[in-house]
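Read the structure below first, then the notes.
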Amino acid sequence: MFRTALCDLLNIDYPIIQGGMAWVSTAELAAAVSEAGGLGIIGSGSAPADWLRKQIRQARQLTKKPFGVNVMLLSPFLEEIMALLKEEPVAVITTGAGNPGKYVPALREVGTKIIPVVSSVALAKRLARTGVDALIAEGMESGGHIGDITTMAMVPQVVDVVNIPVIAAGGIFDGRGFLAALALGAVGVQMGTRFMCAEECTIHPRVKEAIINAKDRDTTITGASLGHPVRSLRNKLTKKYRLMEKNGVPAEELEKLGLGSLRATMVDGDVENGTVMAGQVSAMVGKVQTAREIIMDTVEGADEVINYLNKLVVKKA
Ligand code: TUI
């Protein structure tokens with residue numbers, strides 16, 4: 001049930017991808033998602049190539065199923081990460097925060113599928129031309145580095161201008177969001193925030209607790225004045241940051257405030273003074289579940305939505 005073109009493209013059972021989140025998406029989480037029939041992704045963020053090599057090897061020990069790596073294109077270790085991914089190929093690479101165009105030929109040569117994340121229609125058009133296999137259209141409901149268009153408005157617009165498969169991301173939590181994404185023309189979804197609260201996710205338990213306790217308006221955007229807006233849970237740091245932005249504090253000082261703040265949260269559990277990158281669906285996350293439970297709840301929930309729609313829509317004779 002719910003096999004789409006994405007399942008054939010990536011050789012997976014369910015068209016659900018786990019977001020490749022820096023400091024969050026480790027080999028344990030990625031392998032658990034892949035074992036459950038989705039596509040697990042290791043988030044390399046700003047980590048050095050040696051760290052990624054170990055993670056890839058660990059994931060290979062944990063699962064024989066395909067998994068991917070997310071490459072954050074602003075990484076200070078970008079060149080060595082790309083060299084590693086040519087030496088030690090993975091099934092899929094997703095990219096964020098930039099244009100992966102110049103790396104596409106070499107990665108294709110080693111058999112890796114390339115799926116960039118885009119946050120606008122213009123970017124989607126540009127990246128589709130570089131010969132990538134699919135696109136992830138990520139709305140501003142997402143956590144982390146975001147654009148300014150919602151998933152609902154962007155996905156159909158991207159679907160209309162590219163001729164490669166589109167995966168929807170941002171604001172997707174359960175069978176309702178999953179089926180809505182398919183209705184918008186996507187062939188699958190990427191979920192990040194919900195997988196942060198997977199049992200197999202190795203982040204500090206206080207972060208999971210903060211997401212579980214979050215309500216609808218508990219995320220906020222910082223960094224818009226620097227040109228890279230980031231969504232995270234409201235806390236002492238976002239309050240301080242927003243005040244400094246309002247007062248026109250120089251960019252370098254703001255950048256300093258953000259430095260190391262993601263690690264402080266995800267590893268050390270400092271949910272007040274660190275950056276708790278998480279999406280708007282934080283409000284919907286109510287408990288810690290295994291990756292398998294998250295995937296099965298999503299696809300089984302979609303079945304229920306279809307039953308619901310069949311009753312809701314009154315057919316004409
Ligand atoms: O990349 C993400 N989410 C992220 S990356 C990250 S680490 C970071 N933190 C602070 C500042 C910058 C990075 C935390 N969360 N999502 C995918 C995504 N990619 N969203 C938006 C984009 C994007 C933006 C610009 C993709 C391409 C792009 O291209 C610019 C250009 O024209 O090259």
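Treat the numbers as computed from the prediction; the structure is a model and nothing was measured. Note that these values count all heavy atoms, side chains included, but never hydrogens, waters or copies made by symmetry. Counting starts at 1 for both ligands and their atoms, in listed order.
By the 4.0 Å heavy-atom criterion, G98 is counted among the residues contacting ligand 1.
Close approach of ligand 1 to V117 is summarised as follows: ligand atoms under 4.0 Å from at least one heavy atom of the residue are 17 (C), 18 (C), 19 (N), 26 (C). If you number the atoms of ligand 1 from 1 as listed, the ones under 4.0 Å from a heavy atom of L74 come out as 12 (C). Proximity to E138 (heavy-atom distance under 4.0 Å) selects the following atoms of ligand 1: 16 (N), 17 (C), 18 (C), 20 (N). Residue contact check: N99 has heavy atoms under 4.0 Å from atoms 33 (O) of ligand 1. Close contacts of ligand 1 with S119, meaning ligand atoms under 4.0 Å from a residue heavy atom, involve 21 (C), 22 (C).
Distance from atom 10 (C) of ligand 1 to its nearest protein heavy atom, with residue and atom name: V230 CG2, 3.9 Å. Scanning all protein heavy atoms for the shortest distance to atom 7 (S) of ligand 1 gives M72 CE, 3.9 Å. At the top of the distance list for atom 25 (C) of ligand 1, counting protein heavy atoms only, stands L123 CD2, 3.8 Å. Looking only at protein heavy atoms, the nearest one to atom 9 (N) of ligand 1 is M277 CE, 4.0 Å.
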Stepwise salt bridge (Lys or Arg N to Asp or Glu O under 4.0 Å) check, R60 with E88: CA-CA 11 Å; R60 282 207 191 105; E88 197 133 348; 3.2 Å; yes
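Side-chain contact, N70 with T94: a donor N or O sits under 3.5 Å from an acceptor N or O. Inspection of the R231 and T219 side chains reveals an N or O donor paired with an N or O acceptor under 3.5 Å.
Within a 6.0 Å sphere centred on CE of M296, other residues, nucleotides and ligands contribute more than 12 heavy atoms.
The shortest N or O to N or O distance between H228 and ligand 1 is not below 3.5 Å. Taking any N or O of A97, backbone or side chain, at least one lies under 3.5 Å from an N or O belonging to ligand 1. Where the criterion is an N or O separation shorter than 3.5 Å, residue side chain and backbone included, H145 meets it with respect to ligand 1. Between R126 and ligand 1, an N or O atom pair is found at a separation short of 3.5 Å.
Scanning both residues, V71 and M82, for their nearest heavy atoms gives CG1-CE, 3.8 Å. The heavy-atom pair separating V249 from E253 by the smallest distance is CG1-CB, 3.6 Å. Closest heavy-atom contact between S282 and L233: OG-CD2, 3.8 Å. Of all the heavy atoms in R3 and D13, the pair that sits closest is NH1-CA, 3.9 Å.
Here the two rings, on F178 and F173, have centers that are 6.0 Å apart or farther.
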